Amino acid sequence: MVIREGIGQSSTLFLCHLLLLVPLGATLRYVSMQVCCGPQCCTLFTQDAICTLNTLQTNASALEQVRRERGNPQLQLQAMKGFLERAGLTVEELDHLNIIHVTGTKGKGSTCAFTEHILRSYGFRTGFYSSPHLVQVRERIRINGQPIRKELFTKYFWQVYGRLDETKEAHGGTMPAYFRFLTILAFHVFLQEKVDLAVIEVGIGGAYDCTNIIRRPWVCGISSLGIDHTQILGDTIEKIAWQKGGIFKTGVPAFTVKQPTSPMAVLEERAKDIRCPLWVCPELEEYQVGCGPLHLGLAGQHQRSNASLALQLSHAWLQRRCLPGVPPAACFKPSPIMIKGLADTEWPGRTQMLRHGTVTYFLDGAHTTRSMQACIQWFKDTAAQHERNAAGPVARVLLFNATGERDSAAMLKLLVSCHFDFAVFCPNITEAIASCNADQQNFNVSVENMLTRCLDNERSWRLHNHMGDNPSTQLLIQDSLPLVLENKSDTLVFPCILSALQWITQGRDAVLAGPVKTVIPVKPSVTAKAAPIREAAAIHVLVTGSLHLVGGVLKHIDPSSNK
């Protein structure tokens, strides 16, 4: 809808393309017109696009269609192809995107981030599609490492949405669901912006994921496998491996990290059936590096296998681009550009640390037991280093939420070993007060269900810590949401992320206490519980269990994430 094009010498006026639905004859058609407006219109039009996008979360026919297709997974790719064609794209056009396709249970996003940064460092124009977003939906579609600009997102959104909307009556009124639409939008953006390559992260699984409409990627990768999304992918790691191996393509080189024996056997069998050459990445220490150990921009021991996979993916892509016909090499000497690319990679919300005065946030969206184990090891090592240098006692606080079918009880059991002074639980609701931020609205889960899940998590924590299960009926927030209970121990449940953060930090984070933040009152008894936090020299907060929770926290504590 908006093309940001300065008019004359003024930096405050822009030409904007409006896509309007108007009657033409007997039908409604989208037509484009130009108007001149100020910079505020860009934000307004973007929010309008996102609100429209959010309607695809609750489109009844789309949800029913997804349920039917789960019983016949082949229908998913057939439906995706139909939506793609209705949007004016073809699968043949996707061949020109020079795609790197990556799946896995954990680490696939970090692998993509490493890979994209390496190839961007070579001077290539990169596209990067990932999910979920943390703060703004535009994060899912990146050009040269940056979320697509608001005006471009809005323009391309309405181009795609308009084509789909005006053809829906001829197709039973169907529109693609949220993730499908964003996938089509990403393809459209990358083609229009003429990227040199596109790094595409699979949503769920691989074989029947809508990104698997890609026919001819340049190289494929599979990160570490584990148990997740069992209702869709299967309840064993072997079934999950079969799904992940579905992204293999005949003659296209594929790489995977070292896997347990049984899922590795499945991947090898899938590669053989599809006639896809498959290599296992070496350990990061095995690369021929003359300047000492490789340094990574992402913290945590588990990132080393992701970095090795990224080296293989980028190396294979470069070979095809520059040296076609040369087979991949298991171990090679990374170039200085590769080494710097690994060291400079940033991927928010994954082993990320932010320090605000005496409050330090440790953010990691781990949401499986294996990824939680890696998160805990990172937190223990990093927090211990900071605590040794603290001027006095440090209060450790856990802020946790988990969603969907995830085994939150198992994750919480692992977290007990971190010896938190407080465990705080809240739903993935940024603020209890209505907000105009449409990016983080989720209409697929009710508030009541989210709060009930928080109470279940709080109960699990108490049982793991042998505190018993004897909740009182006091409300934490004065004159606020029901169902939010207080327990007579070191666990607390809040109705939103902001209220939880304000209690945890007790006014010691200036960003949360700023004039634009609504201070949510709590009961005096709850305020009194925070005495150990107020008296501590520093506060260490681990935020984990859900990338959506991490995103909600970043929205409040990192102003740059809202730009």
Side-chain angles (χ1 to χ4, degrees), residues 98-124 126 197 199 217-225 241 244-245 247-249 251-261 263-272 274-345 347 374:
N98 309 331
I99 287 171
I100 298 173
H101 201 192
V102 182
T103 189
T105 304
K106 68 187 186 85
K108 62 182 183 292
S110 299
T111 296
C112 289
F114 279 128
T115 304
E116 185 277 332
H117 199 106
I118 289 171
L119 293 173
R120 174 160 40 101
S121 299
Y122 274 94
F124 294 109
T126 62
L197 69 130
V199 180
W218 276 24
V219 62
C220 297
I222 297 183
S223 65
S224 180
L225 297 180
K244 305 291 184 181
I247 70 167
F248 293 157
K249 301 294 185 295
V252 174
F255 297 87
T256 185
V257 301
K258 291 183 178 178
Q259 309 282 5
T261 302
M264 189 67 230
V266 173
L267 292 180
E268 290 172 343
E269 187 65 25
R270 285 284 264 164
K272 180 180 177 182
I274 297 172
R275 301 192 304 281
C276 162
L278 175 65
W279 286 271
V280 178
C281 299
E283 299 290 343
L284 197 61
E285 292 73 21
E286 297 176 33
Y287 288 86
Q288 305 162 24
V289 183
C291 57
L294 288 167
H295 296 284
L296 307 181
L298 305 183
Q301 188 67 26
H302 60 291
Q303 294 291 359
R304 302 188 72 77
S305 64
N306 300 330
S308 178
L309 179 55
L311 283 173
Q312 295 293 333
L313 294 173
S314 56
H315 185 252
W317 192 93
L318 287 166
Q319 282 185 314
R320 175 164 177 178
R321 175 82 177 207
C322 307
L323 299 168
V326 177
C331 279
F332 57 87
K333 184 177 181 178
S335 70
I337 293 177
M338 288 180 171
I339 293 171
K340 189 175 187 302
L342 290 177
D344 293 345
T345 297
W347 193 224

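Just so it is clear, the structure is predicted and the values come from calculations on it, not from any experiment. Position 1 is the first residue of the sequence, and the numbers go up from there.
At a threshold of 4.5 Å between non-hydrogen side-chain atoms, the residues F124 and L318 count as touching. Contact of the T115 side chain with the I100 side chain is registered, since non-hydrogen atoms from C-beta on lie closer than 4.5 Å.
Smallest separation of non-hydrogen atoms from G221 and L309: CA-CD1, 4.3 Å. Minimum interatomic distance between I247 and C220 (heavy atoms only, all atoms of both residues): O-SG, 3.5 Å. Across S305 and V257, no two heavy atoms sit closer than the pair O-CG1, 3.5 Å. Of all heavy-atom pairs spanning S308 and P282, the tightest one is OG-O, 2.6 Å. The two residues G104 and I222 have their closest heavy-atom pair at CA-CG2, 4.4 Å. When every heavy atom of S121 is checked against every heavy atom of G341, the shortest pair comes out as OG-CA, 4.1 Å.
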(message) Quick one, Y122 with S335, criterion side-chain hydrogen bond (donor to acceptor under 3.5 Å, both in side chains). Give me CA distance, side-chain angles, the key distance, then yes/no.
(response) CA-CA 10 Å; Y122 274 94; S335 70; 2.5 Å; yes

(request) Apply the test side chain to side chain contact (heavy atoms under 4.5 Å, CB included) to residues V266 and K244: give CA-CA distance (whole Å), side-chain angles for both, the deciding distance (0.1 Å), then the verdict. (result) CA-CA 10 Å; V266 173; K244 305 291 184 181; over 6 Å; no

(request) Test M264 against L278 for side chain to side chain contact (heavy atoms under 4.5 Å, CB included), laying out the working first. (result) CA-CA 11 Å; M264 189 67 230; L278 175 65; 3.9 Å; yes

(request) Evaluate the side chain to side chain contact (heavy atoms under 4.5 Å, CB included) criterion for residues L296 and L284: first the C-alpha distance (whole Å), next the side-chain angles of each, then the deciding distance (0.1 Å), finally the verdict. (result) CA-CA 11 Å; L296 307 181; L284 197 61; 4.1 Å; yes

(request) Could you go through the side chain to side chain contact (heavy atoms under 4.5 Å, CB included) check for H117 and W347 one step at a time? (result) CA-CA 10 Å; H117 199 106; W347 193 224; over 6 Å; no

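The backbone N or O of N98 lies less than 3.5 Å from a partner atom in the side chain of W317, making a donor-acceptor pair. Within the 3.5 Å criterion, the main-chain N or O of L225 finds a donor-acceptor partner in the side chain of Q259. Of the possible donor and acceptor atoms, none in the side chain of T111 sits under 3.5 Å from a partner among the backbone N and O of A310.
With sequence neighbours excluded, no residue forms a side-chain hydrogen bond (donor to acceptor under 3.5 Å, both in side chains) with K108.
Atom CG of residue N306 and atom CG of residue L311 lie 11.0 Å apart, to the nearest 0.5 angstrom. If you take CG on L342 and NE2 on H295, they are separated by 11.5 Å, rounding to the nearest 0.5 Å. Interatomic distance, S314 OG to R120 CZ, rounded to the nearest 0.5 Å: 13.0 Å. From C331, atom SG reaches atom CD of Q312 across 7.5 Å, with rounding to the nearest 0.5 Å. Distance check, rounded to the nearest 0.5 Å: CZ of F248 to CG of L267 gives 5.0 Å. Rounding to the nearest 0.5 Å places CD of Q319 at 8.0 Å from CZ of F332.
The stretch residues 335-345 participates, sequence neighbours left out, in these salt bridge (charged side-chain N to carboxylate O under 4.0 Å, His left out) pairs: K340-D344. Sorted by first and then second residue, the salt bridge (charged side-chain N to carboxylate O under 4.0 Å, His left out) pairs with a member in residues 302-317 read E285-R304; sequence neighbours excluded.
Shown are L119, L294, I118; of these, the side-chain contact (heavy atoms from CB on, under 4.5 Å) with M338 is made only by I118.
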